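Heads up, the thing below is written out as structure tokens.
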Amino acid sequence: MNYWLMKSEPITYGIGHLEKEKQCIWDGVRNYQARNFLRMMQVGDLAFFYHSNIQPPGIVGLMKIIESNLDDPSQFDPNSRYYDPSSNPQNPRWQTVRVELVEIFSTMITLEKLKQNFTQDKLMVIKKGNRLSVTPVEQEIAQVILSWRS
DNA sequence: GCCAACGTTGGC
DNA sequence: GCCAACGTTGGC
């Protein structure tokens, strides 16, 4: 079982949205490196939900992967902002996963706290200039983060 | 709102 | 296949 971190802007889709929906397809990732991580995810993996582009940014909850290796439906939807006209339906370019909400943390684990406790090479999300919206999290680091829940 | 970092596109 | 131009991300 592996741990991941997935970013979303709360204005677009925050953990409150997931709380209402209970589960969702994590669509709209249009970066090959992030997609490759999505392809590696397996049912039962856990993922931290990270709010980006907000003050303060940080981890707000935990999700579970409940379906893996799905073709992202938004790539074929001309009305979607994630529509990719050059993706071939016979060989879709973008895959993703379905997630369900496990829990919302009572207090956010801020980016600042992550930076104070981990080094850049141990946790991708705190790397300067890192823009990947899907990244792996090492077991030991995941355990430490989970132990901070109050 | 700014802008550094970085990914993608497209002309050559 | 190079690389300049451009677009996007996301912390601040």
Side-chain angles (χ1 to χ4, degrees), chain A residues 2-21 23-41 45-65 68-99 101-138 140-142 144-150:
Chain A
N2 290 303
Y3 288 94
W4 308 89
L5 183 145
M6 296 158 87
K7 294 182 192 172
S8 184
E9 302 189 10
I11 290 166
T12 310
Y13 191 90
I15 200 156
H17 295 97
L18 183 58
E19 184 180 24
K20 274 195 208 116
E21 295 185 346
Q23 56 169 53
C24 73
I25 290 182
W26 200 266
D27 63 0
V29 174
R30 294 293 179 269
N31 170 285
Y32 288 105
Q33 220 184 325
R35 180 209 62 185
N36 292 343
F37 286 134
L38 285 167
R39 284 179 172 176
M40 291 166 65
M41 290 184 185
D45 284 2
L46 294 172
F48 294 104
F49 195 131
Y50 180 95
H51 277 177
S52 65
N53 240 309
I54 192 83
Q55 199 49 244
I59 294 170
V60 291
L62 189 67
M63 305 179 281
K64 184 192 281 185
I65 313 306
S68 63
N69 202 32
L70 297 168
D71 293 326
D72 183 339
S74 65
Q75 68 194 305
F76 302 123
D77 177 4
N79 297 316
S80 170
R81 63 175 289 214
Y82 305 118
Y83 180 51
D84 182 356
S86 57
S87 180
N88 176 1
Q90 257 56 54
N91 187 21
R93 179 178 294 176
W94 305 110
Q95 283 73 41
T96 188
V97 293
R98 184 184 293 277
V99 297
L101 182 64
V102 174
E103 67 173 276
I104 298 177
F105 295 166
S106 56
T107 54
M108 171 192 262
I109 295 163
T110 61
L111 175 61
E112 190 187 7
K113 180 162 185 175
L114 294 172
K115 282 180 174 169
Q116 283 167 358
N117 285 272
F118 306 113
T119 55
Q120 291 199 15
D121 54 309
K122 277 272 179 188
L123 187 60
M124 288 179 80
V125 75
I126 64 178
K127 259 199 196 119
K128 193 183 168 214
N130 173 65
R131 302 186 324 186
L132 265 192
S133 65
V134 180
T135 52
V137 178
E138 289 181 21
E140 315 87 78
I141 289 179
V144 173
I145 293 171
L146 290 171
S147 77
W148 287 337
R149 288 173 299 174
S150 45

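This is a predicted model, so every value here is computed, not measured. Order of the sequence lines sets the chain letters (A, B, ...), proteins ahead of strands, with each chain counted from 1.
- With hydrogens and angles disregarded, a donor-acceptor distance shorter than 3.5 Å links the side chain of Ser80(A) to the backbone of Tyr82(A).
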Identify every side-chain donor-acceptor pair in residues 83-91 of chain A under 3.5 Å, counting partners at least two apart or on other chains, and give the distances.
from: Asp84(A); atom 1: OD1; to: Ser86(A); atom 2: N; distance (Å): 3.1
from: Asp84(A); atom 1: OD1; to: Ser86(A); atom 2: OG; distance (Å): 2.8
from: Asp84(A); atom 1: OD2; to: Arg93(A); atom 2: NH1; distance (Å): 3.2
from: Asp84(A); atom 1: OD2; to: Trp94(A); atom 2: NE1; distance (Å): 2.8
from: Ser86(A); atom 1: OG; to: Arg93(A); atom 2: NH1; distance (Å): 3.2
from: Ser87(A); atom 1: OG; to: Gln75(A); atom 2: OE1; distance (Å): 2.7
from: Ser87(A); atom 1: OG; to: Arg93(A); atom 2: N; distance (Å): 3.1
from: Asn88(A); atom 1: OD1; to: Gln90(A); atom 2: N; distance (Å): 2.8

**Report entry** side-chain contact (heavy atoms from CB on, under 4.5 Å) assessment of Glu21(A) paired with Tyr13(A)
**Finding:** CA-CA 11 Å; Glu21(A) 295 185 346; Tyr13(A) 191 90; 2.8 Å; yes

Requested in this report: Encode nucleotides 7-12 of chain C as B, S and - characters from 5' to 3', where the letter depends on protein heavy atoms closer than 4.0 Å: B to the base, S only to sugar-phosphate, - to neither.
Outcome: BBBBBB

Pairs under 3.5 angstrom only: tabulate donor-acceptor contacts from the side chains of residues 125-138 of chain A to other protein residues two or more places apart or in another chain.
from: Asn130(A); atom 1: OD1; to: Leu132(A); atom 2: N; distance (Å): 3.4
from: Asn130(A); atom 1: ND2; to: Met124(A); atom 2: O; distance (Å): 3.4
from: Glu138(A); atom 1: OE1; to: Lys122(A); atom 2: NZ; distance (Å): 3.2

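- Between Ser68(A) and Met41(A), the shortest heavy-atom contact is CB-O, 3.4 Å.
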